[in-house]
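Take a look at the structure set out below.
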Amino acid sequence: MRAIEITRPGGPEVLEWREVPDPEVGRGDVLIDVTASALNRADVLQRGGHYDPPPGAPPYPGLEVSGVVAEVGADVEQFKPGDEVCALLGGGGYAERVAVPWQQVMPAPEGVPLKEAAGLPEVACTVWSNVFMLARLRRGETLLVHGGASGIGTFAVQLAKALGSRVVATVGSAEKAEQVLRLGADEVVNYREEDFAEKVQADVILDIIGAKYLAGNLKVLRTGGRLVIIALQGGSKAEINLGTLMAKRASVHGTTLRARPVDEKGVIVRSVVENVWPLVAGGAVRPVVYAEVPMSAAAEAHRMLDSGEHVGKILLVR
């Protein structure tokens with residue numbers, strides 16, 4: 001088969017479409033003929049040599065795919081050849097085929113074109129597991145989403161609104177603000193012009209920035225608030241005012257998804273299928289696709305992601 005290999009740590013130019021060995025299918029694996037994959041910030045970190053795949057995962061980037069089941073392992077009863085599916089991966093999505101534990105495979109949601117379904121697994125599992133399973137966002141509470149125009153942000157805005165919460169998002173331009181408002185956000189804050197910490201109060205915060213926003217996040221949390229940090233684009237080290245945390249009876253959670261054990265991912269995947277897929281099928285939540293790029297031109301797609309101008313997901317299609 002062919003896959004995108006990272007030939008050396010560096011910029012988008014290090015990504016090359018090459019012949020590679022076919023994946024081996026274990027007894028509990030599902031082999032997927034890939035229709036599309038989608039870009040995530042983790043792919044950029046891996047491209048730069050800063051985020052190795054977990055043990056046992058393919059070396060190629062790509063944390064999510066959609067496609068058609070080609071083969072199943074001897075112990076797999078949940079899927080069969082010909083099924084249209086999407087999957088959460090530890091790596092290997094930028095390829096013609098990928099083998100993935102059955103626990104991380106989901107039926108493609110009804111009403112969504114198969115290639116667009118490639119943009120759902122990572123964002124759906126990230127948002128559902130962190131905002132709802134961990135932080136327990138409830139109807140009527142306010143969610144603050146940093147990076148509201150990102151793939152995760154656009155999904156979080158829609159899902160929280162569909163489940164009855166008020167949503168505030170930070171964005172980096174007026175154009176992005178307009179698009180995120182159209183997705184259902186109640187309020188947007190342009191972080192280039194305004195300080196979110198002076199404008200917002202929130203019960204739950206989904207944060208991709210980390211250290212740079214820690215003080216501001218603690219300031220805007222309401223009593224009993226929950227801050228969930230899922231990325232560190234603004235640094236990893238900061239001082240925390242424990243007095244503020246205690247006075248507000250607030251909690252801070254730091255989580256990742258990629259390195260979790262298969263069984264833990266399986267619990268999240270099943271919960272997403274049960275709770276989120278019906279909303280997707282009904283049209284209340286939809287994948288937001290910024291661009292579709294041929295998989296062989298992954299370098300071009302990475303340049304697009306690096307520019308920061310996109311809203312939603314960039315897909316790699318076959």
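The structure places NZ of K248 at 11.0 Å from CG of L227, a figure rounded to the nearest 0.5 Å. The structure places OG of S66 at 8.0 Å from CG of L315, a figure rounded to the nearest 0.5 Å. For the atom pair CG of L316 and OG of S37, the computed distance is 5.5 Å after rounding to the nearest 0.5 Å.
Under the 4.0 Å criterion applied to side-chain N and carboxylate O atoms, E122 and R258 are not assigned as salt-bridge partners. Here K80 pairs with D83 in a salt bridge; the nearest charged N to carboxylate O distance falls below 4.0 Å. At a threshold of 4.0 Å, the pair D203-R166 does not count as salt-bridged, since none of the basic side-chain nitrogens sits closer than that to a carboxylate oxygen.
In this structure a side-chain-to-backbone donor-acceptor pair under 3.5 Å is missing from R8 to I6. With K313 contributing its side chain and L39 its backbone, the two residues share a donor-acceptor pair below 3.5 Å. Side chain of T154 to main chain of G148: no donor-acceptor pair is present (N/O by atom type, distance under 3.5 Å, no hydrogens or angles).
Ring geometry, Y290 versus H310: the interplanar angle exceeds 60°, so the pair is classed perpendicular (tilted spans 30 to 60°).
Contact annotation: the side chain of W277 approaches that of L120 to within less than 4.5 Å [non-hydrogen atoms, C-beta and beyond].
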- [ ] Take V267 and M133 through the test side chain to side chain contact (heavy atoms under 4.5 Å, CB included) and record every step on the way to the result.
- [x] CA-CA 11 Å; V267 169; M133 296 176 72; 4.3 Å; yes
